[in-house]
Each structure stands twice: as structure tokens, then as C-alpha cells.
Amino acid sequence: MVATKQPQLKVPVVADNPDGWGPPDGSAALQNQLQNVPYAPFSKSERLGRVADWTRSFTARPGVRSGGEYSVFDFAYDEADEESFRLVDGKPPPRPRFGPRWRFQQQRQLPQRKDEEVEARKREAEKERQRRDRFYNQNRNVQRREAAAFRSSVDIQPEWTMLDQIPFTTFSKLTFHVGEPEDLVMCGALEYYDKSHDRVTPKSERRLERFKNRNFFKVTTTDDPVIRRLASEDKATVFATDTILSTLMCAPRSVYSWDIVVQRVGNKLFFDKRDGSQLDLLSVNETSTEPLPEAKEDINSAYSLSVEAAYINQNFSQQVLVRNGHKIEFEEPNPFAAEGEEVASVAYRYRKWKLDDDTYLVARCEVQSVLDVKGQMSFLTLNALNEFDPKLTGVDWRQKLETQRGAVLATELKNNANKLAKWTAQALLGNTDVMKIGFVSRVHPRDHFNHVILSVQGYKPKEFAAQINLNTANMWGIVKSIVDLCLKLAEGKYVLVKDPSKPQVRLYEVPPDAFENDYVEEPLPEEEQVQPPPAEDVVAKPREERELDADV
């Protein structure tokens, strides 16, 4: 058996120094292991050099200790080390100083700035893409709205002869400065405005009342006994009402079709409306880009909303009055009311304008209320805007009226530009001092019978006209051009029709008996109307109150 050599563990010699730290003094104790190896104490705040430095310069530097056995541990300052040294801490970097070094740093940052320019170009390209998308969507909305079935307000018969076709672009270039009008007759009676309605807010809303016993009159020009009397007295050449004149003045803003009957009798010219004409109703969202439902039985269709708006406007004009029996009576009573009949608060001002040396125009202008301001009587017109569904309009009046009233008005100016312009034109024609506009909303979006008043705002007609860019000279220029055109016609009956799909007006010659037996379109019967959803807070309207006045 072969013997194997066992490994042996050799214990190293540990030099003990009982007198202090570190190796003991004397080379014998170290057994030649640590010979010629210098040792020096150091602190953690000092900067240590290399173990071996073959490029060290022995030129002494200030602040660096040297000499003796410690010189081998001296700190070697090096420019490359200084440039590569980075302090790892959370302090912000020092602000750069101007000079050659700063210019060098600027050159080093050029690639970063190039990246920022690339990002900026990307952002601009994204904005441009979004702008094109918006423009595309707007065009789609306009095309959708033009594609909607806008039918003519009157059926064009085959025997009618078209005499002229006037595009709206020619109306924008017309101007005419008319002088101050002359008041001929004042009829009717006015009640005072209740100032407490100016403090109504969405949090303190008021329920819109119904005035079934008060009669509202929508009498055309030739059926007005006062205008007949003035015509027989040869007071003027042209006769109209403020509703008809405002429709002509604001024709370029209109979208829906409308028609005005023109009668040439001798040297007189009468502007009339048909029975059951759309001029008696108020359009809703006429100039909006989003089309309304086309189904007539829908409560949010154009026709249903116009009937609802007329119903709201009539009741609002009577609710905001001081109903204490005190009225201001004018020189003549209401020419359309029978004796003992309760009529709405309204006054008719028959005013006369001079168009040229041989042509004068008389118009019947309506005023709904009066206000005593420092002992002086101020006339008011009362109108109401109505909210039917906040989801369709995009603005919730109950949330925005108090904090963003301007945004609400701007939205209405966009969606109802024609209606607001016509109200302003009527206020200017009647020389009223204040326009009171109410903001009326449905109690429930699906209940078109019950409404609440959320706010009432007052505007001066001239200031409001400037705000909505309604030029008085252009308004009268349109009227003057149409009057001059119609005065050249022979005696007979004519009709001005706004094209349902194009921004233009057509003039037709019609038979003398046209529109005499015209069909008057009534609102749908109650059983065919869409009923509101059952709700505890919605009070159903009685059947007799759901019928709209036949005059509307």
C-alpha cells in the first residue's frame, strides 16, 4: 500500500502591536513582508491619488502636502481627472457663466435644440391636422344640414310666374340712411314691468304661467283698420308691420323658408303675410350646424319647437308684468279687441319713415311693456329664448347662466342668429329703450308643456345691434331696394319666397285670388303628440291647456 502525503495547514504569523494601531515597529517583527511599504494616516475628506502614477509631475502645487515619507501619497492634480469628475448628489448644476466656455457649451447643446425643433414641428403638424379635421367636420355638418328636407313655406303653383331672383350676396352691399320717423298714432294699453324678475336665477327659478284668458293678435297689414284709414288719408305709399320689415331686414341671416305677400293697389304698396304663415311662429336653432329631427310629430322637430317657442314667448311677455290693474292708456284703444275682451299688454305705434321725396313707409310696431325710470316712461320689448335639450345644444343653462352668461348668449347668437336679429330690428323700429330677453327652459327635456324662467336680461337695442353686427344702414338698404323693385310692378298680387335650400329670394306673380282659401296648418291633435315621461316632479298639463291659441 502506497502512503499518501497529508496536506498541512500553515498558520501565518500575526504581528501583534500591544502599543497601538498598525504594524509594530521594527523590521524583525514584519519578517520582511512589509519592508519599504510606506504608511500614512488619511481622512475621508481628502482626495486619494493612484496606486502607481507613472505620469506624475513632481512640481509642487499649493495646498498639497509634500516631503518625507508621505510624499508618495500626495494628491496628483490632473486636468483630465478634473473634467471627468462628477459629484453624485441632488444639488442643481451651477448656472453657466458667459465666456468661451459658455459658447462651447452652447455648441454642445445644439443637437438637443435640434430635437426640440423637431418636436415643435411635430406639434404644429398635429395642430394643422386637427384644424383640417374640424374644417372637414364643419363641412360635413353643413352638407348634412343642407341635405335635410327643408321644404318651401308655400307651395309654388305651376301658374305662378317667376319675375326675379335676388341672391343674398347683393343684400350685403346695400346701404341707405333713413331719417328720424314720425309717430302718427298710438293704440292700446301697457302694463308696467315687474323688476323682481331681473333677480331670477337658476337657483330661484320661477314657473312659467299660462294666460289662457288673454288674447294675442297677429293681424296682417291689409286687415288692420288703422292702416286702412291711413292709406285712405294718403299718409304714405308703402305699408307693412314690424314683423314683416324685420324679416326683410334680416333676410341674409335666414335659413328656413318664408314668404311675404306683396299687393300693388293703385299707387300703394302693401306687404302682407298669409294666414297661418311661418312669420307668426318663432324659429329655434335655425342657424345651428346640427340639424333638428325631421319628423313633425317629434317634440324637438323644427315645427314643434317653433310652436313651443311662440307659446313660451306669449306667456313670458305677460308674466313679467305688474298685474295690479294699473295700465297706461294711449289715445286710441286696441284696434283688434272687441268691447270687454281681455287683451294682452301691448301697444301699437304707427310710425312713418321717408324713403325718398315721393315714397313714405308706414309700419305698425309693437311694444309690450313700460317702465318708469326717474319719472320718464321707457318702452320695453319682451321676448324669450327657450332651451329644449341641453344634450343637443351642448350648453346647460342651469349650470352656465350664473357663471358663464356670455357663453350662453354666444351659443344662442350662433344657433338663433336670425331670431335675435329680428327681435333687435323690431326694437329699433319701435324705438324701444330696453330689450328684455328671458331664458326659459323645460322642466324636463321630454316635457314640452311645462317650463321655468331661469333668468331675465336687459339690453339696449342699439348696443345689442352693434354686438351682433347688425347694421342699420344695411337693413334699410335691403328694404329700400325691395320697395323700389315692387313699385315698378303693375297692379296685382305677388309673393316673395325665400328659397328653402339656397340663400336667395324669388319674386312670383300670383293670381288675384291666391291664398284666399289657403289651408291653415294646425298643430297635431293631442292624441298624436308625443307625451312626456311619467315623473313625480312633472305635472301633467290638462287637455284644455295643451291647445295652442289659433292665432299663433
Using atom types as modelled, flag every donor-acceptor pair under 3.5 Å from a side chain in residues 178-187 to any protein atom, sequence neighbours excluded.
unit_1, atom_1, unit_2, atom_2, d
Asp183, OD1, Arg351, NE, 2.8
Asp183, OD2, Arg349, NH2, 2.9

Show every donor-acceptor pair shorter than 3.5 Å between a side-chain atom in residues 456-469 and any protein atom, with sequence neighbours excluded, or say none if there are none.
unit_1, atom_1, unit_2, atom_2, d
Gln457, OE1, Arg405, NH1, 3.3
Gln457, NE2, Ser455, OG, 2.9

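Annotation: side-chain contact (heavy atoms from CB on, under 4.5 Å) contacts of Pro333 (sequence neighbours excluded): none. Residues passing the side chain to side chain donor-acceptor pair (under 3.5 Å) test with Glu412, sequence neighbours excluded: Asn416.
The residues Lys212 and Glu342 are annotated as not salt-bridged, no charged nitrogen and carboxylate oxygen being separated by less than 4.0 angstrom. Lys498 and Asp259 are not joined by a salt bridge, as no carboxylate oxygen comes within less than 4.0 angstrom of a charged side-chain nitrogen. A salt bridge links Asp223 with Arg228: the closest approach of a Lys/Arg side-chain nitrogen to an acidic carboxylate oxygen falls below 4.0 angstrom. Ionic pairing of Asp224 and Arg364 is present here: one or more N-O contacts between side-chain nitrogen and carboxylate oxygen are shorter than 4.0 angstrom. In summary, Arg229 and Glu332 engage in a salt bridge, as defined by a charged side-chain N under 4.0 Å from a carboxylate O. By the 4.0 Å N-to-carboxylate-O rule, Glu205 lies too far from Arg442 to be salt-bridged with it.
Looking only at distances, a side-chain donor or acceptor of Asp242 sits under 3.5 Å from a matching main-chain atom of Glu366. At distances below 3.5 Å, at least one donor-acceptor pair connects side-chain atoms of Thr221 with backbone N or O atoms of Phe271. Distance alone, capped at 3.5 Å, is enough to place a donor-acceptor pair between the Asn313 side chain and the Ala384 backbone.
Evaluation of the ring pair (Phe, Tyr, Trp, His ring centres under 6.0 Å) test over residues 320-342, restricted to residues two or more places apart or in two chains, returns Tyr192-His326, Phe336-Tyr348. For residues 471-481, the side-chain hydrogen bond (donor to acceptor under 3.5 Å, both in side chains) pairs, not counting sequence neighbours, are Lys480-Asp484.
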